[in-house]
2 protein chains.
Amino acid sequence: MIRRTSQDIRRLNRFEVLRRVYAGPGAMSRQDVAAATGLSFATVANLTAELLEAGVLVEAGHEESGGGRPRARLAVNAERGALIGVDIAETSVHAELFDLALTVRHSVERPLPPGDVRPSDVVDALAGAVGELLAASGTDRARVLGAGVSVPGMVEREGGVSSFSPYWSWHEVPLRALLDERLGLPLWLDNPLRASTVAEMWCGAGREVDDLVVLTLRAGVGAGIAIGGQLYRGFTNSAGEWGHTCLALDGRPCTCGNRGCVEAYVSLRGIAETWRELAPGDARATGPDDAVTVAALARAADAGDPAAAAAIDRIGRYLGAPVATLVNLVNPQVVVVGNQVVDLLGERLLPVAYEAVGRHALALPHRAATLCRSTVPHNPVTLGAATFALEGFLDDREVFGPVSRMRKAAKGGAGAGG
Amino acid sequence: MIRRTSQDIRRLNRFEVLRRVYAGPGAMSRQDVAAATGLSFATVANLTAELLEAGVLVEAGHEESGGGRPRARLAVNAERGALIGVDIAETSVHAELFDLALTVRHSVERPLPPGDVRPSDVVDALAGAVGELLAASGTDRARVLGAGVSVPGMVEREGGVSSFSPYWSWHEVPLRALLDERLGLPLWLDNPLRASTVAEMWCGAGREVDDLVVLTLRAGVGAGIAIGGQLYRGFTNSAGEWGHTCLALDGRPCTCGNRGCVEAYVSLRGIAETWRELAPGDARATGPDDAVTVAALARAADAGDPAAAAAIDRIGRYLGAPVATLVNLVNPQVVVVGNQVVDLLGERLLPVAYEAVGRHALALPHRAATLCRSTVPHNPVTLGAATFALEGFLDDREVFGPVSRMRKAAKGGAGAGG
DNA sequence: GATCTTATTCGAAGGGTTGGAAGAAGAGCG
DNA sequence: CGCTCTTCTTCCAACCCTTCGAATAAGATC
């Protein structure tokens with residue numbers, strides 16, 4: 001039922017080549033790319049020619065040669081266009097403008113009203129943020145190649161519909177339709193898990209690797225899965241919902257209505273809750289903002305507070321078991337953990353968690369998997385959202401046609417077009 | 001790093017076409033296959049021509065036509081050759097002979113000595129069973145296209161090495177090397193999880209579906225995952241190890257040395273254990289053979305024993321939560337449950353389990369997934385093992401060369417061979 | 001400036017799929 | 001029986017993609 005054509009090969013190879021150039025430490029030659037991808041040199045030359053023609057890559061000088069023709073250095077043409085990545089979170093909308101090299105150029109954050117946010121609130125905040133972004137950076141809207149938007153919960157990607165939100169009582173909200181005319185930009189919707197994963201694939205530990213799991217730990221938690229170098233979406237684009245894995249039968253109540261979910265233990269809220277359990281009288285553990293509480297926990301632990309240390313120890317064990325589940329089930333090459341929880345607690349939490357993973361996972365998949373912290377700078381969700389836009393642009397048949405078209409263009413000149 | 005060539009497309013399409021013929025209710029025309037696979041008619045004609053020439057398919061009469069040329073019926077040529085599937089289990093070796101249509105022709109079972117079985121014991125039993133199989137069925141060894149062997153635990157497939165066995169103290173046992181000369185047959189090794197999965201893909205619910213999870217519940221438990229119509233193996237061929245998912249922090253001890261694993265609750269042993277917990281005095285629950293105990297549990301429940309009913313209820317809940325984990329994480333189209341536990345307890349256990357899955361899984365992936373019992377007849381592990389041999393045969397470049405070779409052969413006749 | 005060495009480009013070949021024309025095979029009817 | 005109609009199959013040319021190897025380009029070195 002899955003249609004496989006040779007053009008898919010082309011498309012994947014195009015992605016692969018470009019990803020290597022992004023990955024490269026700034027000086028990637030065609031030779032390097034060929035070696036790294038395993039493609040023949042001719043193919044790499046083909047693909048880079050196409051990417052050069054499209055303006056996505058540029059040749060930036062030459063490497064030094066020890067005799068013989070020097071290799072041309074390939075680089076991403078950051079100025080080819082702009083990308084926008086938007087992270088819709090529980091309390092705010094965060095929008096960032098990237099250049100084509102995926103470096104942040106401008107950043108805007110707009111708060112959302114507290115409580116049950118309506119779709120129109122989000123649309124207003126988002127459109128406002130994007131407008132501000134463009135104005136502040138002096139970017140012409142026409143130069144923006146696309147905008148990626150991350151919406152929490154379940155997203156029907158093709159239709160651009162948010163079919164379920166964990167925070168607000170949204171059902172089947174047609175976000176794309178609502179945003180389309182307000183933005184006037186090619187739009188790509190998905191959720192934070194998949195955005196973070198794609199960010200890792202282009203800019204993080206996923207660059208070198210085919211089978212990858214990316215853990216997103218913030219207000220909600222979940223996993224993104226990449227298999228064979230491609231994001232795995234599942235049958236209805238909801239694969240990777242790891243947050244509601246049962247960690248403890250009849251355990252803590254979770255926002256999903258169930259008990260004992262992973263999310264109830266290792267989300268920001270779950271972490272705060274564990275601290276409260278272990279430090280009943282501690283006022284620092286009782287604030288309304290979980291992120292603040294977790295930051296306080298980190299400080300308390302650093303200051304040698306024994307209850308805080310005990311809490312982190314326990315949280316690490318809570319985290320280790322379900323990570324081991326992932327390792328056993330997916331058998332990935334790399335597991336990346338990232339986002340707020342890790343930013344706040346990483347130093348202390350991860351060693352404990354890693355050790356717990358070792359106890360729970362089977363030897364073979366455990367040995368095979370490298371666990372690491374995300375090295376993606378800044379907010380992986382906005383970056384990933386922008387990457388969706390980048391991928392969308394790379395799929396544009398107007399820009400990247402079949403090879404024969406190129407050959408014809410090269411031969412026939414500007415002749416009988418149409 | 002993954003090399004993608006157009007020949008892979010060909011290979012996958014060949015599989016796809018053949019799988020449809022296996023799936024078909026006995027009368028599949030080229031037209032039907034084209035419609036079912038989404039391939040163009042020309043391609044289907046191409047591929048069937050190749051399969052006909054190789055003798056894998058035959059044309060078996062014509063469909064009735066209401067005017068117009070009647071469609072040719074395609075069928076698998078059962079007599080093209082034989083396949084052997086072997087299931088190495090804890091206490092016995094089960095070997096079966098299949099024809100090419102994957103129907104069982106002969107079946108042999110040999111006990112293994114109790115305790116810590118040596119590799120040579122297994123090799124002897126296996127070689128003996130295969131010999132008996134061939135002798136009893138009067139099959140010439142040369143007619144056997146290959147043998148698939150399922151070994152519990154971790155298997156290094158390429159090298160044919162059993163790198164870890166959960167029952168015996170095996171480490172890096174080179175089974176292929178040991179078996180090769182004894183059998184003199186093309187050999188394919190893997191584990192029961194993946195064997196069952198492949199069996200479902202060719203003969204069960206997986207025929208119609210691209211994203212699939214197959215649960216194997218017997219002495220050990222685990223999942224097989226198929227994605228995009230292909231078995232997913234993970235980085236080191238150990239994906240799907242679901243049995244040691246943590247179900248209850250600090251719960252029951254498991255054979256793996258850990259606590260609270262799924263396997264400790266829903267394997268044959270785990271089920272017996274639960275019954276013992278709930279019916280402390282019941283002698284039926286204390287036998288040495290877990291399969292016998294579980295069968296007794298089924299009878300007790302059928303007879304209206306309240307403790308047995310309570311046990312099944314609880315086991316169903318134990319099963320539901322980790323199945324929901326799979327549903328959330330993999331977001332498959334179908335989840336098939338099968339093997340001994342289901343054979344013995346299915347009627348009573350599965351409804352309870354299904355209900356528990358509904359409570360634990362998220363709405364969207366839960367709605368997307370159909371849970372069903374395996375419809376594969378007989379032992380899915382031997383069948384799956386034989387299917388590995390079938391797949392191996394279909395990959396044989398001697399038999400299924402590139403298209404151009406066919407075209408040449410058709411044109412040039414029997415001329416300048418070599 | 002000739003020679004060496006290495007990088008790119010180019011063209012032909014090889015592997016695949018597909019749409020459409022041409023051939024094949026029954027059914028129906030005069 | 002032969003013609004026509006309909007539908008299935010085969011065959012061919014067109015197209016897409018990768019890759020090998022020869023030819024060409026571009027510095028370094030002597």
Side-chain angles (χ1 to χ4, degrees), chain A residues 2-17 27-35 37-53 57 59 61-74 397 400-408 410-411, chain B residues 2-17 27-35 37-53 57 59 61-74 397 400-408 410-411:
Chain A
I2 293 173
R3 198 67 152 273
R4 289 173 258 256
T5 81
S6 53
Q7 288 184 59
D8 296 333
I9 298 181
R10 175 81 173 189
R11 176 176 168 274
L12 291 172
N13 286 346
R14 174 160 59 230
F15 276 46
E16 198 77 8
V17 165
M28 210 68 179
S29 69
R30 288 176 178 79
Q31 317 280 334
D32 297 335
V33 173
T37 57
L39 292 168
S40 81
F41 191 79
T43 301
V44 172
N46 252 344
L47 289 164
T48 49
E50 184 189 38
L51 290 164
L52 286 167
E53 205 207 346
L57 292 181
E59 291 199 343
H62 296 266
E63 290 182 4
E64 284 179 29
S65 110
R69 178 174 176 173
R71 300 176 171 180
R73 252 192 263 271
L74 297 170
R397 304 274 305 181
F400 303 93
V403 218
S404 58
R405 226 183 39 146
M406 281 176 59
R407 221 169 288 165
K408 254 180 238 152
K411 268 187 196 154
Chain B
I2 292 174
R3 199 65 153 274
R4 291 173 257 257
T5 82
S6 54
Q7 288 185 59
D8 296 333
I9 297 181
R10 175 78 173 193
R11 176 176 169 271
L12 291 172
N13 286 345
R14 174 161 59 231
F15 276 46
E16 197 76 10
V17 164
M28 211 70 179
S29 68
R30 289 176 178 77
Q31 317 279 335
D32 298 334
V33 173
T37 56
L39 292 169
S40 82
F41 190 79
T43 300
V44 172
N46 252 343
L47 289 164
T48 51
E50 184 189 37
L51 290 164
L52 286 167
E53 204 207 345
L57 291 181
E59 292 200 342
H62 297 266
E63 290 183 3
E64 285 179 30
S65 109
R69 177 173 175 173
R71 299 177 171 180
R73 252 192 263 270
L74 297 170
R397 304 272 306 180
F400 303 94
V403 221
S404 57
R405 226 183 40 144
M406 282 177 58
R407 222 170 287 167
K408 256 179 237 155
K411 268 186 195 152

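Labels below follow one simple rule: chain letters A, B, ... track the order of the sequence lines, proteins then strands, and each chain is numbered from 1. Quick caveat, the model's predicted, so the values are computed rather than measured.
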Quiz item: Once you round it to whole Å, what is the distance between P of C:dG16 and CG of A:D8?
Solution: 16 Å
Quiz item: Would you say a side-chain N or O of A:R10 is under 4.0 Å from OP1 or OP2 of D:dT18?
Solution: yes
Practice problem: Please tell me which of A:R11 and A:H62 maps to the more 5' nucleotide of DNA chain D, matching each residue to the nucleotide holding its nearest heavy atom. | Solution: A:R11
Quiz item: Given C:dT9, D:dC17, C:dT6, which nucleotide is nearest the side-chain atoms of A:F41?
Solution: C:dT9
Quiz prompt | Per A:Q7 side chain, nearest of listed nucleotides D:dT19, C:dG19, D:dC16 | solution = D:dC16
Quiz item: Is the distance from OP1 or OP2 of D:dT24 to the nearest side-chain N or O of A:R69 less than 4.0 Å?
Solution: no
Quiz item: Quick one: does NZ or CZ of A:R11 land under 6.0 Å from the six-membered ring centre of A:F15, within 45 degrees of the ring axis?
Solution: yes
Practice problem: Specify the separation, in whole Å, of atom CD of A:Q31 and atom C1' of C:dA7. | Solution: 6 Å
Quiz item: Given C:dG15, is OP1 or OP2 found less than 4.0 Å from the side-chain N or O atoms of B:S6?
Solution: no
Quiz item: Does the side chain of A:N13 get closer than 4.0 angstrom to OP1 or OP2 of D:dT18 through an N or O atom?
Solution: yes
Quiz item: Under 4.0 Å between a side-chain N or O of A:R71 and OP1 or OP2 of C:dA7?
Solution: yes
Practice problem: Quickly work out the A:N46 CG to D:dT19 C1' distance and round it to whole Å. | Solution: 10 Å
Quiz item: Under 3.5 Å, is there a donor-acceptor pair linking the side chains of B:T43 and B:N46?
Solution: no
Self-check item: Residue-phosphate contact under 4.0 Å: B:T43 side-chain N/O, C:dT17 OP1/OP2
Solution: no
Practice problem: Whole angstrom is fine here: how far is it from CG in B:L39 over to C1' in C:dG19? | Solution: 15 Å
Practice problem: Output yes when a side-chain donor or acceptor of A:N13 lies under 3.5 Å from a complementary backbone atom of A:R10, and no otherwise. | Solution: no
Quiz prompt | Residue pair B:T48 / B:L57: nearest heavy atoms and the distance that separates them | solution = CG2-CD1, 4.3 Å
Quiz item: So does B:R30 get a side-chain nitrogen or oxygen closer than 4.0 Å to the phosphate oxygens (OP1/OP2) of D:dC8?
Solution: no
Quiz item: Separation of A:M28 atom CE from C:dA7 atom P, in whole Å?
Solution: 14 Å
Self-check item: Whether A:R73 side chain and A:H62 backbone form a donor-acceptor pair below 3.5 Å
Solution: yes
Quiz item: Could you give the CD1-to-C1' distance, from B:I9 to D:dC17, as a whole number of Å?
Solution: 9 Å
Self-check item: 5′-ward residue of the pair B:A42/A:P70 relative to DNA chain D
Solution: B:A42
Practice problem: Would you kindly give the CZ-to-P distance between B:R73 and D:dT9, to the nearest whole Å? | Solution: 12 Å
Quiz item: In whole angstrom, what separates B:E59's CD from D:dC8's P?
Solution: 14 Å
